[in-house]
Amino acid sequence: QVQLVESGGGLGQAGGSLTLSCAASGRTFSRNAMGWFRQAPGKEREFVAAISWSGEVTYLTDSGKGRFTISRDNDKNTVVLQMNRLKPGDTAVYYCAAAMGVVVGRTTSEYAHWGQGTQVTVSS
């Protein structure tokens, strides 16, 4: 059974940092693109970051550029989202996702496996 488990969420302060981790089990995703999405109350799930299977290609949402970094360790089957200079607008549930294949997508329909999500709350 495929599982993606996020960790590292919690309460952060504006201007601070949080590190989200995603651990995959049940199979290896070393040949799949991986991504992070988030969903704030009353809003649709939106793209945050994605990374190719090799880690050479990364995409970030415009609001995350200069603040967020996505990385992966295929040996450990983990993906990390480093969030710096947090803003109250970053408050949401953050989801890790594994893409259907190697394509580094930015839409939810391109991802086949999802974690349960981890809450991030940023106070001003």
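This structure is a prediction, so every number in the text was calculated from the model and none was measured.
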Answer yes or no: is there a side-chain heavy-atom contact under 4.5 Å between [X] and [Y]?
| X | Y | result |
| --- | --- | --- |
| Thr78 | Ser21 | no |
| Trp36 | Cys96 | yes |
| Met83 | Val48 | no |
| Arg67 | Leu60 | no |
| Tyr59 | Arg106 | yes |
| Phe29 | Val79 | no |

Minimum heavy-atom distance between [X] and [Y], given as atom pair plus value:
| X | Y | value |
| --- | --- | --- |
| Gln82 | Ser17 | NE2-CB, 3.9 Å |
| Leu4 | Met34 | CD2-CE, 4.2 Å |
| Ala92 | Ala40 | CB-N, 3.8 Å |
| Ala99 | Asn32 | O-ND2, 2.8 Å |
| Ala112 | Met100 | CB-CG, 3.8 Å |
| Val104 | Ile51 | CG1-N, 3.9 Å |

Treat each ILVMFWY residue as a node, draw an edge where side-chain heavy atoms are under 4.5 Å apart, and state whether [X] and [Y] are in one component.
| X | Y | result |
| --- | --- | --- |
| Tyr94 | Tyr111 | no |
| Phe68 | Phe37 | no |
| Val120 | Val80 | no |

**Request:** Flag the pair Asp62 and Lys65 as a salt bridge only when some basic side-chain nitrogen lies within less than 4.0 angstrom of an acidic carboxylate oxygen.
**Result:**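 Salt bridge between Asp62 and Lys65, a charged N being under 4.0 Å from a carboxylate O: yes.
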
Mark yes or no for whether [X], through its side chain, and [Y], through its backbone, hold a donor-acceptor pair below 3.5 Å.
| X | Y | answer |
| --- | --- | --- |
| Glu6 | Gln116 | yes |
| Asn77 | Arg27 | yes |
| Asn74 | Ser54 | no |

In Å and rounded to the nearest 0.5 Å, what is the [atom1] to [atom2] distance from [X] to [Y]?
| X | Y | atom1 | atom2 | value |
| --- | --- | --- | --- | --- |
| Thr118 | Leu18 | OG1 | CG | 9.0 Å |
| Cys22 | Gln3 | SG | CD | 10.5 Å |
| Arg38 | Arg45 | CZ | CZ | 13.0 Å |
| Leu11 | Gln119 | CG | CD | 10.0 Å |

**Message:** For a side chain to side chain contact (heavy atoms under 4.5 Å, CB included) check, start with the C-alpha distance between Thr61 and Glu46, then their side-chain angles and the critical distance, and finish with the verdict.
**Reply:** CA-CA 9 Å; Thr61 183; Glu46 65 175 8; 6.0 Å; no

**Message:** Whether the Gln13 and Ser123 side chains hold a donor-acceptor pair (N or O, under 3.5 Å, no angle test) is what I'd like checked.
**Reply:**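 No donor-acceptor contact under 3.5 Å links the two side chains.
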
